[in-house]
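Written out below as structure tokens is the structure these notes cover.
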Amino acid sequence: MKPFFIIGNWKLNGNTIFVKNYINKIKNFLNKKKLNYCKISIAPSYTYLYLSNIYLNNTKIALTAQNVDINLSGSFTGEISINMLKDIGVKYVIIGHSERRIFHKETNEYISKKFHIIKSNDLIPILCIGETKLEKDMNQTKDICAKQIDVILNDQGVQAFNNTIIAYEPIWAIGSGKSANPIEVQNIHKFIRDYIAQKDLNISKNIIIQYGGSINENNIDMFIKQKDINGFLIGKASLTAENFISIVKKAEKIISSIH
Ligand code: PGA
């Protein structure tokens with residue numbers, strides 16, 4: 001069985017004290033409770049990855065980066081390469097987040113290059129996809145998701161999706177306080193899995209499909225119960241260790257009651 005993978009995306013938040021306290025609290029929690037169904041990760045900003053990696057030493061908490069450059073080295077002022085991330089213990093890299101698509105004008109083609117550089121250096125991409133409110137209202141969600149996946153499928157083939165994560169994040173649900181409907185999310189997740197299955201059944205079975213968009217402790221139940229929802233990418237509700245831990249605790253409880 002795939003672990004239910006919960007990632008806290010801290011976005012542009014935190015400082016050294018925050019990192020220390022947060023990780024200590026999670027470590028204390030994990031010392032008391034063994035996770036049987038969930039896997040967890042945090043995604044601090046670049047500046048705190050190194051420190052986080054030191055604090056995370058000897059724990060099962062994986063380290064996720066929020067971004068990466070498409071180049072390995074050279075004259076690219078302000079950029080961070082995949083080798084640098086690997087060097088400081090990063091395992092997963094978020095790409096295609098709508099905040100980068102919107103505020104940094106990242107295109108599907110550019111995101112595909114990031115996907116490639118991550119995969120070819122043996123780290124794991126978390127590819128964020130999802131539609132705007134307007135696209136949802138026009139019933140275009142599946143087309144948009146397919147298009148965002150297609151660029152990578154066409155450039156790199158289905159094999160590139162082996163051991164990767166897709167995070168379905170409807171843009172209108174992110175940071176809005178209003179999550180999507182879990183049944184509708186299940187429908188989209190199934191569509192995504194079937195879409196990959198048309199090319200390779202095994203890869204589609206193994207792919208982790210997370211949901212992200214205003215997830216919190218009070219709305220996770222129905223999401224967790226859906227067959228094709230394999231984890232969460234959480235922004236706001238991951239910004240205190242207490243909230244993050246409550247979500248993980250509750251997820252463990254719900255999943256244990258299903259099995
Ligand atoms: P949110 O963010 O949980 O604050 O909606 C999710 C995300 O952007 O990954």
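Whatever order the structure lists them in is the order used to number ligands and atoms, beginning at 1.
- Open room surrounds NZ on Lys190; 12 or fewer heavy atoms of other groups in view lie less than 6.0 Å from it.
- At a 3.5 angstrom cut-off on N or O pairs, Ser176 does not count as close to ligand 1.
- Distances below 4.0 Å separate heavy atoms of Glu169 from the following atoms of ligand 1: 6 (C), 7 (C), 8 (O), 9 (O).
- Aromatic ring orientation, Phe161 versus Phe115: tilted (interplanar angle from 30° to 60°).
- Nearest protein heavy-atom contact of atom 4 (O) of ligand 1 is Lys236 N, 2.8 Å.
- With a 6.0 Å radius and a threshold of 12 heavy atoms from other residues, nucleotides or ligands, Tyr50 has its OH atom at or below the threshold.
- Summarising the local packing, CD1 of Ile258 is surrounded by more than 12 heavy atoms from other residues, nucleotides or ligands at distances under 6.0 Å.
- No more than 12 heavy atoms of other residues, nucleotides or ligands shown are found within 6.0 angstrom of CG on Asn139.
- Remark: ligand 1 and Gly235 share an N or O pair separated by less than 3.5 Å (distance only, no angle test).
- No more than 12 heavy atoms of other residues, nucleotides or ligands shown are found within 6.0 angstrom of NZ on Lys147.
- For atom 2 (O) of ligand 1, the nearest non-hydrogen atom of the protein is Lys11 NZ, 3.3 Å.
- In terms of N/O distances under 3.5 Å, ligand 1 is approached by Gly175.
- Within the listing of ligand 1, atoms 5 (O) sit less than 4.0 angstrom from a heavy atom of Gly213.
- Close approach of ligand 1 to Leu233 is summarised as follows: ligand atoms under 4.0 Å from at least one heavy atom of the residue are 6 (C), 9 (O).
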